[in-house]
Amino acid sequence: MNSKNPAVRALVTALFWIAVVVILFYVLFPFYWALKTSFTSPARLSAEALQWVPSQLTWENYRMVFSGQPFGRNLMNSLVVASGTVLLSLLLSLLAAYALGKFRFKGKSVLMYLILGVSVFPQIAVLGGMYTTIRALGLYNNVFGLMLSYMIFTLPFTVWTLTSFVREIPTELEEAAYVDGASPLTTLFKVLLPVMTPALVTTGLLAFINAWNEFLFALTFTSSNAAKTVPVAIGQFSGASQYENPFGQIMAASVIVTIPLIVLVLVFQRNIVSGLTAGAVKG
Amino acid sequence: MTTTPNPPPVSPPPASKTVSGQRVRGLAESRARVAMWMMLPMLIVLLLVAGYPLFRTIYLSFFEYNINSAAPPKFVGLENYWFTNEEGVGLGILQTPEWWQSVWNTSKFTIFSVLLETVLGLVFALVINSKIRGRGLLRTAILVPWAIPTVVSAQVWNWMYNDSYGILSQWGQKLGMLQPGQSFLSNPDTALTALVAVDVWKTAPFMALLLLAGLQSIPSDMYEAADVDGASPVRQFFSLTLPLLTPALLVALIFRTLDALRVFDMPYIVKGNAPETMTMSIYARQQMINNAEFGFGSAISVLIFLIIMIFTVIYVTSLRVKFD
């Protein structure tokens with residue numbers, strides 16, 4: 001773009017903006033298509049499926065998702081499971097991250113390798129063992145069973161990320177508290193916790209997104225709507241009859257679960273990018 | 001000062017040597033004890049959700065165990081992995097064509113999706129790295145496909161691929177790539193490619209973000225120096241940007257490879273247990289949950305675990321991940 005010739009420069013700029021438009025179209029088109037479909041009435045869907053603009057907007061699909069399906073219940077389950085998982089993971093990993101980030105002891109790097117190892121566990125590798133364990137504990141088809149099983153991917157992630165955050169907190173803060181005779185727990189909750197709020201928000205958010213989106217465990221460890229989460233409900237969506245084409249409703253349900261995530265992404269855009277790259281670069 | 005994580009002084013003043021030496025050692029010990037207690041809850045939970053189930057999966061892989069039958073698990077050693085009966089029919093996983101088909105499908109899926117995601121992600125990253133107005137907005141837009149549930153992206157594409165009402169099938173038919181009434185998904189030859197397209201759409205933007213971070217860590221004065229030397233943009237890309245970006249590229253590449261190797265949700269939602277798109281994880285779950293064959297299914301899981309672990313070890317050693 002540093003050419004002296006104005007014609008070349010204009011051409012490069014034009015090409016560049018074309019690239020921007022193409023990327024935006026590529027990324028956003030499926031969303032537009034889902035949104036458009038979700039506002040097309042079921043009766044007109046066959047006729048208008050391929051039209052770029054719906055002739056009439058309707059909330060019918062959104063109403064039907066909640067009246068014909070236990071979708072409200074599914075949403076509640078997802079909310080409970082994802083927030084429960086995140087809160088538990090953050091609490092457990094906050095304690096662990098303080099120890100791993102600020103204390104020296106033997107076997108620490110072995111432990112860190114182990115946690116890293118767990119974070120790459122293919123979920124399928126524990127599926128069989130987890131299934132029998134959850135049945136034995138009486139947690140099959142139960143939100144607590146899901147929370148417990150989700151820890152396998154949220155916990156290593158939160159421990160890992162929080163540890164790298166704890167390490168960057170200046171030691172002077174902790175020392176001052178220690179000189180004043182504060183116990184490690186008091187130091188953690190009174191001195192470090194306030195400093196760590198942004199880190200906790202970022203880490204919690206990413207863990208929440210992962211838990212909210214999880215499919216394999218939710219599919220395998222639930223059997224009825226008592227514990228079924230939204231991804232499973234959307235994955236198994238069926239219309240009132242087998243001849244009905246329920247895609248309008250599926251798209252409406254998809255839009256409903258996606259909106260909270262888009263809002264979170266918009267609000268915390270900066271934190272997400274920094275959290276992702278911090279996690280990625282440090283392992 | 002005794003609380004700093006630095007090692008104790010190498011040569012303390014001779015007069016107070018024993019006293020302060022003991023104090024430092026005592027303190028280090030008590031801090032190690034405290035650390036142990038603080039990590040204990042996390043370690044117990046990890047043991048319960050990762051250690052024990054993994055152990056149990058490995059254990060079950062040596063048994064013949066149908067969870068729907070009343071028969072107790074029967075120890076069969078390595079027969080789930082390799083077993084030839086009297087008629088010479090191979091019944092172990094490693095002798096099963098379905099398993100090798102799933103390995104082949106997963107490999108193809110991994111290679112093509114990771115390759116395309118990397119190239120496309122790099123292009124995206126270069127575009128959003130330029131100083132343009134609305135860069136923040138663009139960055140948010142490309143975060144969205146990453147954040148939405150896989151289930152949602154699978155269903156949205158499922159709809160776009162629908163044979164009679166899907167926009168993509170319509171395009172394919174108009175371009176003459178498909179017969180009328182056919183879709184990329186219903187055609188066994190293109191089904192896997194169609195799934196790769198979904199995965200690329202969902203993750204290329206995420207790749208772009210990781211690479212963007214790498215691009216931004218390259219000091220801008222290097223480009224200024226290259227400009228002064230009269231290096232063309234293409235030349236700058238290949239002899240400056242690409243080499244400096246390699247570490248970030250490698251990390252992103254390996255992350256995506258591990259993800260692609262264990263892929264389950266998207267192909268499962270779009271194509272179910274169809275053999276032409278069956279991945280290793282789908283095959284394992286089919287045997288375990290649909291067929292209730294816990295021993296056989298566990299053995300498949302163990303194989304997947306081993307494959308992923310081999311890749312992880314390569315990752316950790318090649319990148320020399322360091323702690324502390």
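Here is the naming used below: chain letters follow the sequence lines, and residue numbers restart at 1 for every chain. Just so it is clear, the structure is predicted and the values come from calculations on it, not from any experiment.
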Tell me, with the steps shown, if Met38(B) and Leu185(A) meet side-chain contact (heavy atoms from CB on, under 4.5 Å). CA-CA 9 Å; Met38(B) 294 177 92; Leu185(A) 275 185; 4.2 Å; yes
Smallest separation among heavy atoms of Pro184(A) and Val34(B), with atom names: CG-CG1, 3.6 Å
How many angstroms lie between CG in Asp265(B) and CG in Leu219(A), if you round to the nearest 0.5 Å? 9.5 Å
For Val159(A), which atoms come within 4.5 Å of any heavy atom of chain B: side chain, backbone, both, or neither? side chain
Determine yes or no for a side-chain-to-main-chain donor-acceptor pair under 3.5 angstrom, with Asn213(A) supplying the side chain and Ala147(B) the backbone. yes
Between Met39(B) and Phe103(A), is any pair of side-chain heavy atoms under 4.5 Å apart? no
CZ-CG distance between Arg262(B) and Leu216(A), expressed to the nearest 0.5 angstrom: 11.5 Å
Here's a test for you: under ring-ring contact (aromatic ring centres under 6.0 Å, His included), which of Phe25(A), Phe29(A), Phe31(A) qualifies with Trp201(B)? Phe31(A)
Given side-chain contact (heavy atoms from CB on, under 4.5 Å), test Leu148(A) with Val49(B) step by step and report yes or no. CA-CA 7 Å; Leu148(A) 186 70; Val49(B) 299; 3.8 Å; yes
Between Leu46(B) and Met151(A), is there a side-chain heavy-atom distance shorter than 4.5 Å? no
Determine whether a donor-acceptor pair (N or O, by modelled atom type, separation under 3.5 Å) exists between the side chain of Gln155(B) and the backbone of Ile250(A). no
Which bit of Leu266(A) is near chain B, if near means a heavy-atom gap under 4.5 Å: side chain, backbone, both or neither? both
So what's closer than 4.5 Å to chain A heavy atoms on Val200(B): side chain, backbone, both or neither? both
Side chain, backbone, both or neither of Ile167(B) within contact of chain A (heavy atoms, under 4.5 Å): both
I'd like to know which of Leu94(A), Leu45(A), Asn210(A) tops the heavy-atom pair count under 4.5 Å against chain B. Leu45(A)
Can you tell which of Ala96(A), Pro156(A), Ala99(A), Pro122(A) has the highest number of heavy-atom pairs within less than 4.5 Å of chain B? Pro122(A)
Evaluate Tyr98(A) against Trp37(B) for ring pair (Phe, Tyr, Trp, His ring centres under 6.0 Å), listing each step before the verdict. CA-CA 11 Å; Tyr98(A) 181 37; Trp37(B) 280 110; over 10 Å; no
Check Pro30(A) against Val156(B) and note the closest heavy-atom contact, atom names and distance. O-CG1, 3.5 Å
For Met280(B), is it the side chain, the backbone, both or neither that has a heavy atom under 4.5 Å from a heavy atom of chain A? neither
So, taking the atom named CD1 in Ile259(A) and the one named CD1 in Ile148(B), what distance separates them when rounded to the nearest 0.5 Å? 12.0 Å
So, the part of Leu212(B) with a heavy atom under 4.5 Å from chain A: the answer is neither
Please look at Ser281(B) and chain A and tell me whether the side chain, the backbone, both or neither of the residue comes under 4.5 angstrom of a heavy atom of that chain. both
When the 4.5 angstrom heavy-atom criterion is applied to Ile269(B) and chain A, the contacting part is side chain
Kindly give the heavy-atom pair with the smallest separation between Val151(B) and Gly235(A), and that separation in Å. CG1-N, 3.6 Å
Heavy-atom side-chain contact between Met42(B) and Leu95(A) under 4.5 Å: no
What option among Ala248(B), Pro53(B), Ser301(B) has the most heavy-atom pairs under 4.5 Å with chain A? Pro53(B)
What's the separation between atom CE in Met251(A) and atom CG in Asn158(B), rounded to the nearest 0.5 Å? 7.5 Å
Chain B interface, residue from Leu114(A), Ile209(A), Thr220(A) that has the most non-hydrogen pairs under 4.5 Å: Thr220(A)
What residue, out of Ala253(A), Ala34(A), Pro231(A), has the most heavy-atom pairs lying under 4.5 Å from chain B? Pro231(A)
Does atom OH (Tyr59(B)) have a neighbourhood of more than 12 heavy atoms from anything else shown, all under 6.0 Å? no
Interface check, chain B: of Leu261(A), Thr37(A), Leu50(A), Val265(A), most non-hydrogen pairs under 4.5 Å belong to Leu50(A)
So, the part of Val27(A) with a heavy atom under 4.5 Å from chain B: the answer is both
The reported gap from CD1 in Ile308(B) to CZ in Phe121(A) (rounded to nearest 0.5 angstrom) is 11.0 Å
I'd like to know whether Val152(B) forms a side-chain contact (heavy atoms from CB on, under 4.5 Å) with Ile234(A), so could you lay out the CA-CA distance, the side-chain angles of the two residues, the decisive distance to 0.1 Å, and finally the verdict. CA-CA 7 Å; Val152(B) 168; Ile234(A) 292 179; 4.3 Å; yes
Proximity breakdown for Asn162(B) and chain A, heavy-atom pairs closer than 4.5 Å: side chain
Please look at Leu43(B) and chain A and tell me whether the side chain, the backbone, both or neither of the residue comes under 4.5 angstrom of a heavy atom of that chain. side chain
Ranked by heavy-atom pairs below 4.5 Å to chain A, first place among Met36(B), Met309(B), Arg33(B), Met160(B) goes to Met160(B)
More than 12 heavy atoms of other residues, nucleotides or ligands under 6.0 Å from CZ of Phe311(B): is that the case? no
Proximity breakdown for Phe55(B) and chain A, heavy-atom pairs closer than 4.5 Å: neither
Among Val144(B), Leu48(B), Leu60(B), Ile58(B), single out the residue with the greatest number of heavy-atom pairs under 4.5 Å to chain A. Val144(B)
Could you tell me which portion of Leu120(B) (side chain, backbone, both or neither) has an atom closer than 4.5 angstrom to a non-hydrogen atom of chain A? side chain
Nearest heavy-atom contact between Pro41(B) and Leu92(A) is CB-CD2, 3.4 Å
Residue part contacting chain B, namely of Ser46(A), when any heavy atom lies under 4.5 Å: both
Is the closest side-chain donor-acceptor distance between Thr132(A) and Arg56(B) under 3.5 Å? yes
Given a strict heavy-atom distance threshold of 4.5 Å, which part of Phe264(B) is in contact with chain A: side chain, backbone, both, or neither? side chain
In Å and rounded to the nearest 0.5 Å, what is the CG to CH2 distance from Leu168(B) to Trp33(A)? 9.0 Å
Which portion of Tyr268(B) sits near chain A, non-hydrogen atoms under 4.5 angstrom: side chain
Can you tell which part of Ile289(B) gets under 4.5 Å to a heavy atom of chain A, answering side chain, backbone, both or neither? side chain
Nearest heavy-atom contact between Val118(A) and Ala50(B) is CG1-CB, 3.9 Å
Given heavy-atom pairs under 4.5 angstrom as the criterion, report whether the side chain, backbone, both or neither of Trp157(B) touches chain A. side chain
Smallest heavy-atom separation, Arg31(B) atom then Lys102(A) atom, equals NH2-O, 3.2 Å
